[in-house]
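When a ligand or atom number is given, it counts from 1 through the structure's own listing order. This one's a predicted model, so the numbers in the text were calculated from it and none came from an experiment.
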Amino acid sequence: MEDTGFRSGFVTLIGRPNVGKSTLLNHLSGARLAITSPKPQTTRNVIRAVYDDSEAQIVFLDTPGMHQPKNRLGDFMVTSARQAMAETDVILLLIEAGFEPRVGLLEKKILEMASQFKKQVILVINKVDIAVKEGVLPLLEAFASTYPFAAMIPVSAKTGDGVDILVAEIKKLIPEGPRYFPEDSYTDQTERMLTAELIREQILRLTHEEIPHGTAVAIESFEEVFEENDPEERRHVSINAAILCERSTHKGIIIGHQGQKIKDIGSAARKQIEEMLGCSCYLTLFVKVREDWRNRKGILNDLGYESRNK
Ligand SMILES: Nc1nc2c(ncn2[C@@H]2O[C@H](COP(=O)(O)OP(=O)(O)OP(=O)(O)O)[C@@H](O)[C@H]2O)c(=O)[nH]1
Ligand SMILES: [Mg+2]
């Protein structure tokens, strides 16, 4: 039985690319569920993380950064973000403390949608750890005159500064209700999905220009081998994954001179995957060229980048 007064609700993180939505989600969940990178448009799917304590269960939804889509993948990303806004109790609009002290066009559009959906919005000013203090107040003032925010909270998703205040504010806004998920469930991401994302994170880290955005990872096989004397205990996992790219020249760059680049991607990803799985991992990577895959419905579907209702 739940205690009376227990609260629960859904909270969507929204904002332009690179403002730190996924970093904040990871901090809130205490796990590395969403990959992050200094390159914009890192997140492609809505990722769910469950925050749970004795007073409340909050389901956070990380979304792809809002941007002007240039292909079918971009359409999917923006549509998913919009949908996550429509289906939530509270919206966290993330901005960076270093922004110019005015409301950007993108933020205006997001706030228009929020008011259309009749949602409560908390303005989260992120990256205060690297901001000039004097710049934050004018930024707050500019936003305060644009929208009736439920709260405005400066945080650092990186250091965790202000995050407890944010959680306390959210608890005030969500309704009384039951736990939607068991206490120990913390995400909707499967090991296969997390594996693909961890590989993509290393591609983002180790490649440049148009390659990171034109790349996707498909897990082709995921085989678990268990200890002979303990069928519950995994000895290792064998994974084959394909890196899709758009051109044969890109394939060459991803493989690198004498295969060095793909070796680096593989060994860095393997370490992260082993940490996530809690056992050793044999990872085999290969590269496939799929021209214009970001506009091809069938491929997007296979990769999980196609809306159910499209
Ligand atoms: N200094 C500092 N850096 C941060 C903070 N939060 C995020 N970052 C960095 O900002 C970059 C982008 O962070 P992400 O969490 O990937 O941003 P995002 O909003 O999820 O980006 P998209 O998925 O592309 O929309 C990364 O390099 C993070 O390490 C913060 O509070 N302080
Ligand atoms: Mg992200």
Side-chain angles (χ1 to χ4, degrees), residues 11-49 60-71 73-85 91-99 104 106-107 109-110 122-133 135-136 139 152-167 187-189 193-194 196-208 210-217 268 272 294 304-305:
V11 174
T12 296
L13 284 76
I14 204 103
R16 62 178 64 218
N18 221 40
V19 291
K21 300 176 293 297
S22 300
T23 308
L24 183 59
L25 184 94
N26 288 339
H27 193 91
L28 287 159
S29 69
R32 261 187 21 94
L33 300 176
I35 60 166
T36 63
S37 91
K39 300 194 173 80
Q41 296 177 30
T42 297
T43 306
R44 290 177 176 168
N45 276 316
V46 174
I47 296 171
R48 188 178 78 198
F60 287 98
L61 301 171
D62 182 20
T63 64
M66 280 286 190
H67 63 282
Q68 200 57 49
K70 293 195 179 67
N71 48 47
L73 172 64
D75 283 341
F76 165 77
M77 287 161 63
V78 170
T79 307
S80 330
R82 206 183 134 88
Q83 213 160 13
M85 276 177 75
I91 291 168
L92 304 186
L93 170 59
L94 265 79
I95 59 169
E96 282 187 29
F99 281 1
L106 234 138
E107 285 75 16
K109 273 195 186 157
I110 291 171
I122 297 178
L123 184 73
V124 179
I125 305 99
N126 189 31
K127 307 197 187 182
V128 288
D129 56 302
I130 49 167
V132 184
K133 264 205 188 106
V136 178
L139 185 62
M152 300 170 97
I153 304 172
V155 305
S156 166
K158 199 170 192 170
T159 66
D161 220 25
V163 175
D164 48 343
I165 300 171
L166 174 63
V167 171
T187 187
D188 60 342
Q189 300 294 288
M193 290 156 112
L194 289 165
E197 286 291 87
L198 289 173
I199 298 166
R200 203 162 63 78
E201 188 172 49
Q202 295 308 323
I203 301 170
L204 282 164
R205 193 171 70 85
L206 295 166
T207 66
H208 307 284
E210 75 267 54
I211 294 176
H213 288 119
T215 313
V217 175
Q272 301 291 326
R294 284 184 283 178
Y305 297 150

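- Judged by distance alone, with hydrogens and angles left aside, the side-chain atoms of Arg44 form no donor-acceptor pair with the main-chain N or O of Phe76 at under 3.5 Å.
- Checking side-chain atoms of Asn26 against main-chain N and O of Arg32 turns up no donor-acceptor pair under 3.5 Å.
- The backbone N or O of Ala157 sits nowhere less than 3.5 Å from a side-chain atom of Thr23 that would complete a donor-acceptor pair.
- The backbone N or O of Pro40 lies less than 3.5 Å from a partner atom in the side chain of His213, making a donor-acceptor pair.
- At least one donor-acceptor pair under 3.5 Å links the side chain of Thr63 to the backbone N or O of Leu13.
- Protein contacts to the Mg ion (ligand 2) involving N, O or S atoms at a distance below 2.8 Å are Ser22 OG, Thr43 OG1.
- For ligand 1, residues of the protein lying within 4.0 angstrom by heavy-atom distance are Pro17, Asn18, Val19, Gly20, Lys21, Ser22, Thr23, Thr36, Ser37, Pro38, Pro40, Gln41, Thr42, Thr43, Gly65, Asn126, Lys127, Asp129, Ile130, Ser156, Ala157, Lys158.
- Just one of Arg16, Lys158, Lys127 meets the salt bridge (Lys or Arg N to Asp or Glu O under 4.0 Å) condition when paired with Glu96; it is Lys127.
- From Leu33, atom CG reaches atom CE of Met193 across 11.5 Å, with rounding to the nearest 0.5 Å.
- Between the side chain of Asp62 and the backbone N or O of Ile47 there is no donor-acceptor pair closer than 3.5 Å.
- Asp129 places none of its side-chain heavy atoms less than 4.5 Å from the side chain of Asp161.
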